[in-house]
Trainee: 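Before I ask anything, here is the structure I am working with.
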Protein chains: 2
Amino acid sequence: MKQDKISEAVVRRLPLYLRYLNELTISGVQTVSSQDLGDKLDLNPAQIRKDLAYFGEFGRKGVGYNVHYLIEKIRQILKLDKILNVALVGTGNLGRALSNYSMYIRDNMKIVAVFDSDPSKYGTFINRLTVQPMNELSETVKRLDITIGIITVPATEAQNVADRFVEAGIRGILNFAPSVIKAPSGVRVHHADFTGELLSLAYYMDHEKS
Amino acid sequence: MKQDKISEAVVRRLPLYLRYLNELTISGVQTVSSQDLGDKLDLNPAQIRKDLAYFGEFGRKGVGYNVHYLIEKIRQILKLDKILNVALVGTGNLGRALSNYSMYIRDNMKIVAVFDSDPSKYGTFINRLTVQPMNELSETVKRLDITIGIITVPATEAQNVADRFVEAGIRGILNFAPSVIKAPSGVRVHHADFTGELLSLAYYMDHEKS
DNA sequence: TAGATTGTTAATCGATTAACAATC
DNA sequence: TAGATTGTTAATCGATTAACAATC
C-alpha cells in the first residue's frame, strides 16, 4: 500500500500500538502478531495490519512483527525524535495538572512557557516556569520556537486565546475548554473535552447496547 | 424517524448542541436553525437535523428550533435532571484538578468520594472530601449509591482499579490513565486519554491536509 | 403567496471486517 | 512440509452529506 492519505482514525491508533509495544519490550517479548495486539487493545487484527501497512511492510508473514523494529517505525511516523515546544495558557487546576504532568507531557512535547491573564498570577511559579502575562505571548512564542499551544482557560476566553496563538504563529492548538474554537486553515485545532465523554458514558449506561 | 439504535457519534454531539444552545439563551435568542448551529459548531446542518430527528420532531419547518424547547428535549435525552454519584481513584494532579473542577464536574455528576492507595494520603482533604483507602471502596460505593468511577492513577494501576470498581458494582468507568482497560459487558468503559490527541495533532501539523 | 427550513430518503463517502493468496 | 501470519483485495457496514417534498 504505502502512503495514500492517512485517516485521522489511523493516526489516533498509532500511539496506542506504541504504548503496548513499549510494555512488551519491558517484559522482553521479541515478536508480536496482529492477533495479540488486537486482543490486548480491543481492536480487529485486520485493522491493525491495515493501519501499519499504510506506512510500509513492517511484518513477516508467518512470523509477526518484530517489537523493536515496529516501535522504531511508529516513532519515525509520529516523529517522536523531534522535540516540540509547547505553550500553555490558563493556570487553573487543569493547567497546573498538565504542566506538572512530568513536564514532558509525552515523549516529545515540552511545555516551555505558561501564561495567564490574571495579574495576581504573574511571576508565580509552576514547576519551575514563571507565569507570564498574555502580552508577552507573541514574543515568547517566537523566541522559544513554540509550535503548539494548549488552552486551559474558561470557555468564554478560549477563542480569544486561540486568536492570540494564531497571531503569534502557532501551528497546532489543543483546546481543553468546553467550547468550539475556530482557527484559519494551516492551524490545526484538536478538542480535548471530557464533558462529552462523561455524558455519553452516562447515556449508554442506561441505554445498554454493549 | 424516532428511536432506532443511536450511534455513539450522535450521542457525543448532543452535549455540544446543548452547550451552544445555553449560550444562545444567555444572549436572548429564541429560535435557531440547523444552519446557524452548523456554522457555529463546524458541523453539517443536515447532520444536525438528522441527529435531532432520531429522538423526535423538535423543529418547525420554515422556522427552525425553539431554543428553550430544544434544550429541554436534549436534557431529557441525556437525563440531566437525574444526579449521578461518582467516585474518583487517584489523587495526583489530574485527580485533584478533576475533583476541584467545581465539584460538579458537569451538570449532573457529583464526585462524592475519593480514594488513593498511598497511605500517606489517607485522611487528607480534597475539596471537602476525605481521601479514603482502597479497601473502603466497595462499601462506600454501595452506601452512597455510586454508579460511575473515574480513574486517574498511573497506567500500571488502572486495570486493577477498574477491577475493584467492577467488583463494587459500578456501571460506568472513565479512564484517564494511558492504558486500555477491560471490563465485563454491562460495565461501560470510556477512555479519556489526551496523549493520542496530542500526538495526532503533531502528526497533522506536519502532514497538512486541512 | 414567496421564502425559509425542517424531516427524511437516497447517494456518497469512508472506515471496518472478512477472506485468502503469498510466504516465512 | 505443515502451520502461522502477513499484506491486500473485496465485501460489509456505518456515518455523513445532498437533495427535496412537506409545510410553516
Side-chain angles (χ1 to χ4, degrees), chain A residues 1-14 16-17 21 24 29-70 73-74 77 180 196 200 203-204 209-210, chain B residues 1-14 16-17 21 24 29-70 73-74 77 180 196 200 203-204 209-210:
Chain A
M1 199 171 285
K2 191 86 178 172
Q3 207 75 345
D4 277 302
K5 258 146 227 131
I6 310 298
S7 95
E8 196 132 346
V10 174
V11 175
R12 241 170 256 268
R13 281 191 292 268
L14 295 179
L16 238 57
Y17 301 155
L21 291 167
L24 286 179
V29 177
Q30 304 282 330
T31 298
V32 68
S33 69
S34 58
Q35 189 60 247
D36 295 338
L37 279 163
D39 288 348
K40 199 66 179 187
L41 301 175
D42 270 338
L43 295 172
N44 183 297
Q47 182 170 62
I48 294 175
R49 293 199 297 278
K50 200 158 199 287
D51 283 356
L52 296 173
Y54 280 109
F55 303 96
E57 307 200 357
F58 302 149
R60 290 220 299 160
K61 297 186 166 86
V63 178
Y65 300 90
N66 177 282
V67 174
H68 276 287
Y69 182 71
L70 192 51
K73 283 301 176 185
I74 295 180
I77 294 165
V180 174
S200 66
Y203 179 88
Y204 283 112
K209 59 135 218 186
S210 61
Chain B
M1 199 171 284
K2 190 87 178 171
Q3 208 74 346
D4 278 302
K5 258 148 227 129
I6 309 298
S7 95
E8 196 131 349
V10 173
V11 174
R12 240 169 256 266
R13 281 190 293 266
L14 294 179
L16 236 59
Y17 302 155
L21 292 167
L24 286 179
V29 177
Q30 304 281 329
T31 300
V32 69
S33 69
S34 59
Q35 189 59 246
D36 295 338
L37 280 163
D39 287 347
K40 198 67 181 185
L41 301 174
D42 270 339
L43 295 172
N44 182 298
Q47 181 171 63
I48 294 175
R49 293 200 297 279
K50 200 157 198 288
D51 284 356
L52 296 173
Y54 280 110
F55 303 97
E57 306 200 357
F58 301 149
R60 291 218 301 159
K61 295 187 166 87
V63 178
Y65 299 90
N66 177 283
V67 173
H68 276 287
Y69 182 71
L70 192 51
K73 283 301 176 186
I74 295 179
I77 294 165
V180 175
S200 66
Y203 179 88
Y204 283 112
K209 59 137 217 187
S210 62

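By convention in this document, chain letters (A, B, ...) are assigned in the order of the sequence lines, proteins followed by strands, and residues within each chain are numbered from 1. All figures in this text were calculated on a predicted structure; none of them were measured in a lab.
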Trainee: Nearest to the side chain of Ala46(A) - dT5(D), dA18(C), dA19(D)?
Mentor: dA18(C)
Trainee: How long is the line joining CD of Glu8(A) and P of dG14(C), in whole Å?
Mentor: 13 Å
Trainee: Nearest whole Å is fine: how far is dA4(C) P from Gln35(B) CD?
Mentor: 12 Å
Trainee: CG/Leu37(A) to OH/Tyr65(A) distance, rounded to the nearest 0.5 angstrom?
Mentor: 8.0 Å
Trainee: Rounding to an integer number of Å, can you tell me how far Lys50(A) NZ sits from dT12(D) C1'?
Mentor: 13 Å
Trainee: Does a side-chain N or O of Tyr54(B) approach OP1 or OP2 of dA15(D) to a distance below 4.0 Å, or not?
Mentor: no
Trainee: So, is Ser7(B) close to the dA15(D) phosphate, meaning a side-chain N or O under 4.0 Å from OP1 or OP2?
Mentor: yes
Trainee: What is the distance, rounded to the nearest whole Å, between atom CZ of Arg12(A) and atom C1' of dT16(C)?
Mentor: 17 Å
Trainee: Just the rounded figure in Å: distance from P of dT6(C) to CD1 of Ile48(B).
Mentor: 9 Å
Trainee: Gln47(A) CD to dA15(C) C1': how many Å, rounded?
Mentor: 8 Å
Trainee: Quick one: which of dG7(D), dA22(D), dA10(C) gets closest to the side chain of Lys61(B)?
Mentor: dA22(D)
Trainee: About how many Å separate OG of Ser34(A) and NZ of Lys50(A), when rounded to the nearest 0.5 Å?
Mentor: 14.0 Å
Trainee: I want to check one thing: is the phosphate of dG7(C), taken as OP1 and OP2, less than 4.0 Å away from some side-chain N or O of Tyr65(B)?
Mentor: yes
Trainee: Take atom CD of Gln30(B) and atom P of dC24(D), then tell me their distance rounded to the nearest Å.
Mentor: 20 Å
Trainee: Identify whether any heavy atom of Arg49(B) sits under 4.0 Å from a base atom; if not, whether one sits that close to sugar-phosphate; answer base, sugar-phosphate or nothing.
Mentor: base
Trainee: Leu16(B) and Leu41(B): which non-hydrogen atoms are nearest, and at how many Å?
Mentor: O-CD1, 4.1 Å
Trainee: Hey, are the side chains of Leu70(A) and Tyr17(A) touching, using non-hydrogen atoms and a 4.5 Å cut-off?
Mentor: no
Trainee: Asp42(A) CG to dT16(C) P: how many Å, rounded?
Mentor: 14 Å
Trainee: Would one find a side-chain N or O of Ser34(A) under 4.0 angstrom from OP1 or OP2 of dT5(D)?
Mentor: no
Trainee: Arg13(B) has a side chain; which of dT23(D), dT17(D), dT16(D) sits nearest to it?
Mentor: dT16(D)
Trainee: Checking the side chain of Tyr54(A) only, and the main-chain atoms of Ser7(A) only, is there a donor and an acceptor separated by less than 3.5 Å?
Mentor: no
Trainee: With both distances under 3.5 angstrom, what nucleotide forms a Watson-Crick or G-U wobble pair with dG14(D)?
Mentor: dC13(C)
Trainee: Could you let me know what dT23(C) is paired to, Watson-Crick or G-U wobble, both distances under 3.5 Å, or none if it's on its own?
Mentor: dA4(D)
Trainee: Looking only at the side chain of Arg60(A) (C-beta and beyond, no hydrogens), which of the listed nucleotides dA15(D), dC24(C), dT16(D) gets closest?
Mentor: dC24(C)
